[in-house]
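What follows is a single structure, written as structure tokens, with notes after it.
Just follow the structure's listing: the first ligand is 1, and inside any ligand the first atom is 1. Reckoned from all heavy atoms, side chains included, excluding hydrogens, waters and symmetry mates. Treat the numbers as computed from the prediction; the structure is a model and nothing was measured.
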Amino acid sequence: MAKKQPTIMDKLVSLTKRRGFIFQSSEIYGGINSCYDYGPLGVELKKNIKELWWKSMVYERADVEGIDASILMHPRVWEASGHVEGFTDPLVDCKNCKMRWRADQIDLEKGCPNCGGELTEPRMFNLMFKTFMGPVEDDAHVVYLRPETAQGIYVNFHNVRESMRKKVPFGIAQIGKAFRNEITPGNFIFRTREFEQMEMQYFVKPGTDEEWFEYWKEERFKWYDRLGINKDKLRFHQHGPDELAHYAKAAFDIEYEFPFGWSEIEGIHNRTDFDLSRHQEYSGKDLRYYDQEADEKYIPYVVETSTGVDRLMLTTLVDAYTEEEDRVVLRFKPYLAPIKAAVLPLVKRDGMPEIARKIEADLRKRFKVFYDEGGSIGRRYRRQDEIGTPYCITVDSQTLEDGTVTIRERDSMEQIRIDKSRVLEYISERVMP
Ligand code: ATP
């Protein structure tokens, strides 16, 4: 029988493990389903994605502020938000093979997708992780791990507005962990039970929400160009009435064409005044905004943009992965690359390592670099290509004569020579977002 060819996903899982991007969590114990750890290169890629998002959402805009709210919140928050009652997915079990499915993701008529067996009636399953605060494990001490970061923003709407003297319209952005007890996690880091979200809630005057919704839809779609994603692999998907979340008036997903099909990477939602109104009702606090110019009070409407860091890591990895005749290259945008430059002495003698070490030390002041003196120069270049390092700096015999080094660019493999004193400036100019 012919051996099954590895898929792109198989290759990525293997590359990201071998090269220190992504490990299975608790691997020495056999792993735990759908939990992953980010290794030395993974944590850099993740940080770079978050920084790009933060830069474009918070630093480049005068109308958005950042926060970092607590994961554990007052349990009433989740009653008000509708999550205790409504954050559920329909679950079915196969009576034959015992596999578990999300009823809205399979064709129930055809029975179990695994064995064709008979399925149980769908029952609603709440996706929130529950735990207890303090030593007593009873109903009065239940707290939830937040299933979205958005609620931490709503409850801080007036704190941020007052402390930063903001006027509507303005937004609040946050990056942080969220937890969902997904029925069917999978596709590597695409759907996990613990993940990190990057969410921004934009508060607007009621009646202007549709305009702002269009604005954010376009802004967010454009942002993927900065992330370096091929735009032919991106599209919008509009939620139909049966797909809309309990809080939403309108919703669009941005989808990416993964090897396993088109799937959501970001949601843009018009959440109306649902969340703030409910928090006003449940907390008994007046959460209206006083609009001085119009001399009126109202509860702002909210346009939300919500994406997942882990999911964008998978997107950038899939999109960057390129197989060429004799090499594999991760063609990340330079600022996303975990390592910005590798410094390579051509041989381990004649003073070349000493010069290379000096260049390395100089570059380290600004970014993550890698020093490598082992193996043929060709193999060393390939090793860097495979992890997406945009520049390789080689110290060779000409360096000893005239002080110049070669700089090799990852994608074109072109090499230029520059004076070693200019390396820091040259790389810096090219790896900043
Ligand atoms: P689905 O219907 O696929 O379960 P959703 O529509 O509930 O997803 P949202 O609540 O809109 O998802 O989540 C916003 C973003 O958070 C998603 O676009 C995704 O990037 C990220 N995200 C949501 N759930 C997960 C998860 N289980 N693992 C990783 N990322 C996630």
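Under the 4.0 angstrom criterion for non-hydrogen atoms, Arg102 is in contact with ligand 1.
Side chain to side chain, Glu118 and Asn96 fail the donor-acceptor criterion of an N or O pair below 3.5 Å. Under the 3.5 Å distance criterion, with hydrogens and angles disregarded, a donor-acceptor pair is assigned to the side chains of Tyr38 and Asp310. In summary, the side chains of Tyr282 and Glu79 do not present any donor paired with an acceptor at a separation below 3.5 Å, with no hydrogens or angles considered. Side chain to side chain, Tyr321 and Glu323 meet the donor-acceptor criterion of an N or O pair below 3.5 Å. Tyr381 and Thr394 are linked by a side-chain donor-acceptor pair at a separation below 3.5 angstrom, with hydrogens and angles left out of the test.
Looking at Ile189 and Arg311, their side chains never come closer than 4.5 Å, going by heavy atoms from C-beta outward. The shortest distance between side-chain heavy atoms of Asp209 and Lys249 falls below 4.5 Å.
Closest to atom 30 (N) of ligand 1, if we only count protein heavy atoms, is Phe195 CD1, 3.5 Å. The protein heavy atom nearest to atom 19 (C) of ligand 1 is Arg311 NH1, 3.5 Å. Ser306 OG, 3.0 Å is the protein heavy atom nearest to atom 14 (C) of ligand 1.
Annotation for ligand 1: atoms under 4.0 Å from non-hydrogen atoms of Gln197 are 13 (O), 14 (C), 16 (O). Proximity to Glu266 (heavy-atom distance under 4.0 Å) selects the following atoms of ligand 1: 18 (O). Atom numbering of ligand 1 starts at 1 in the shown order; those under 4.0 Å from a heavy atom of Phe190 are 28 (N), 29 (C), 30 (N). Residue contact check: Ile265 has heavy atoms under 4.0 Å from atoms 18 (O), 20 (O) of ligand 1.
Because its NZ or CZ atom is not both nearer than 6.0 Å to the ring centre of Trp216 and within 45° of the ring axis, Arg220 does not count as a cation-pi partner of that residue.
For the residues Glu182, Arg191, Glu264, the heavy atom positioned nearest atom 3 (O) of ligand 1 is part of Arg191. Closest heavy-atom approach to atom 27 (N) of ligand 1 among the candidates Thr192, Asp89, Asn187, Leu127: Thr192. Compare Glu255, His269, Arg180, Glu243 by their heavy atoms: the one nearest to atom 23 (C) of ligand 1 is in Arg180.
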